[in-house]
2 protein chains.
Amino acid sequence: MTPERARKLDEVINKRQNGLTVVMENVHDPHNIYAVMRTCDAVGIQDIYVLNTELPKDGYFGIKSSSSANKWLTIHSFNNVKDCFAELRTKYQSIYTTYLGESSKSVYDINFTNSIALVFGNEHKGVSKEARDLADGNFIIPQVGMIPSLNISVACAVAIYEAFRQRKVAGLYDQNAQPHPAAAEIKSLWASFSAS
Amino acid sequence: MTPERARKLDEVINKRQNGLTVVMENVHDPHNIYAVMRTCDAVGIQDIYVLNTELPKDGYFGIKSSSSANKWLTIHSFNNVKDCFAELRTKYQSIYTTYLGESSKSVYDINFTNSIALVFGNEHKGVSKEARDLADGNFIIPQVGMIPSLNISVACAVAIYEAFRQRKVAGLYDQNAQPHPAAAEIKSLWASFSAS
C-alpha cells in the first residue's frame, strides 16, 4: 500500500459518522440499494442496516457481495423488525422513519447532530406499521410539485446530505470527531482491497 | 375538473420557482433524466433545459413525451451550448456548472436565493469545457467517502433541495413569490391532463 493510499484510508475512516445510520426495510430494487449505499459512503456513514422481512418474488435479497459500494460499508442484516430495532436502540439515541406522503415533521426540522437512525421503506408500501410503531417519529422530504413521491435513493440522499450539512457546521467532520469502535478492523479490511 | 383539482394546480403553479433551473448536458440515461425531472417537479422547478450536442449511440435523445414527470415541466431543448447559454443569460442572473471531482465551491456556499441556472453534465465525461468556460462558476457536492462520485440524479437532488431549503427560509415558496410569465398557459395545459 502506498503512503497516499494509507493516508486516504485514514482520512475516510476518521470522518465516518458513528452516530448516523440508514436502515433499508424491504427495499428490493438493486439500483436503489446501490445508490443508497453509494450516498452513505459519500456522507461518511459506515454502518447500514438491511432489514428484509419478506422474500422478494425473484428471491434476490438485495446485497451482492461484489458490489463496489458494499465493500466500504459495514452491513448489518436482519429478517425481523423487533431484533433490528433492539440492536439500533443499543447504538443510536433516536430512530426516525420516513413515511413519504403522510404529513409529519419536515427533514429540515430534524436535529441530525444527535445520534440517529433513519429508516427508509419499500418502494411501493413505504415503512411497515410495525417499524413506525417502534420508532420515535416520522419525517418527510417536503414537496411542492404535482408528482406525489420521490424515488427512495433521492429521498435518502436529501435526508443524509441535510445530516451532512448540519453535522459539518457542528464540527462532526473534524478528524476523528466520532471514532468508530471497529476503526482498526475496518481499516485493515479496506487495506486488503485493491485501489478503489 | 373538480374544485380540489383546480386548487391543487393553483397551489403548485404559485410555488413554481421562476429563478431556478436545471440544465442537463448530454445526459443520456433515461432513468437519470426521469429522476432529475421528478425531483425538479418536487422542488417547484418549472423550466428545465435539455442540451444534447452529441447523438447517443442508440439514437435516443432522452425525453419521451409520454413520461409522467415531463408533462408537468416546460422543457427547452438545444443542440448547441452557445444558443442554450444565450437563452439562459436572458432569464437567469448566474450559471453554475457541476464539475464533479474537481475542487471548487461547495454547494453549501452557493446563494440559491438569487436567480440561478445549474448545469449537470454527462454521466461519464461531466460538463463540457465549452459549457464550463461560458459559466460563472463551478460547484461540487462535498464527499468524504471512498467512492469518488455520486450518481447525477443524486447530485442534482442534493443541489436543488439545498436550493429549496434556502429559498424556503427566504420566503420564496410563499404563494406566488416568483410568478411564472406563462402561468396561465401552463395551468390550462395541466388542466387538460387527466388527474395523476
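Hydrogens, waters and symmetry mates play no part in the numbers below; they use all other heavy atoms, side chains included. Residue numbering restarts at 1 for every chain, and letters A, B, ... go by the order of the sequence lines. Quantities reported herein were computed from a predicted structural model and do not represent experimental measurements.
- Per-residue heavy-atom pair counts under 4.5 Å with chain A were compared for B:P142, B:G44, B:C40, B:S106, and the maximum is reached by B:P142.
- Checked by atom type and distance alone, the side chain of B:N122 pairs as donor or acceptor with a backbone atom of B:N26 at under 3.5 Å.
- The backbone N or O of A:I45 sits nowhere less than 3.5 Å from a side-chain atom of A:Q17 that would complete a donor-acceptor pair.
- At a 4.5 Å heavy-atom cutoff, the contact between B:V43 and chain A is made by backbone atoms alone.
- For A:D41 (side chain) and B:I147 (main-chain N/O), a donor-acceptor pair under 3.5 Å exists by modelled atom type.
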Under the side-chain contact (heavy atoms from CB on, under 4.5 Å) rule, what do B:V127 and B:T98 come out as? Steps first, then yes or no, please.
CA-CA 7 Å; B:V127 176; B:T98 53; 4.2 Å; yes
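- Ranked by heavy-atom pairs under 4.5 Å with chain A, the first of B:E11, B:K8, B:Q46, B:R38 is B:R38.
- Legend: residues meeting salt bridge (charged side-chain N to carboxylate O under 4.0 Å, His left out) with A:K187, ordered by chain and number and at least two apart, are A:D10.
- Residues of residues 80-95 of chain A never come closer than 4.5 Å to chain B when only heavy atoms are counted.
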For a side-chain contact (heavy atoms from CB on, under 4.5 Å) check, start with the C-alpha distance between A:F78 and A:N52, then their side-chain angles and the critical distance, and finish with the verdict.
CA-CA 6 Å; A:F78 285 87; A:N52 273 308; over 6 Å; no
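- Using a 3.5 Å distance cut-off with no hydrogens or angles, the side chains of B:N14 and B:H180 do not pair a donor with an acceptor.
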May I have the step-by-step check of side-chain contact (heavy atoms from CB on, under 4.5 Å) for A:W72 and A:V12, ending in yes or no?
CA-CA 10 Å; A:W72 307 114; A:V12 171; over 6 Å; no
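- Interface summary for chain A: among B:V154, B:V107, B:V144, the most heavy-atom pairs under 4.5 angstrom belong to B:V144.
- Under the rule for a ring-ring contact (aromatic ring centres under 6.0 Å, His included), the partners of A:Y49 that lie at least two apart in sequence or sit in another chain are A:H76.
- Among the residues in residues 157-168 of chain B, those with a non-hydrogen atom closer than 4.5 angstrom to a non-hydrogen atom of chain A are B:A157, B:V158, B:Y161, B:E162, B:F164, B:R165.
- Residues A:V22 and A:V36 form a side-chain contact, since some pair of their non-hydrogen atoms from C-beta on lies under 4.5 Å apart.
- For the pair A:E25 and A:K125, the salt-bridge criterion is not met [side-chain N within less than 4.0 Å of a carboxylate O].
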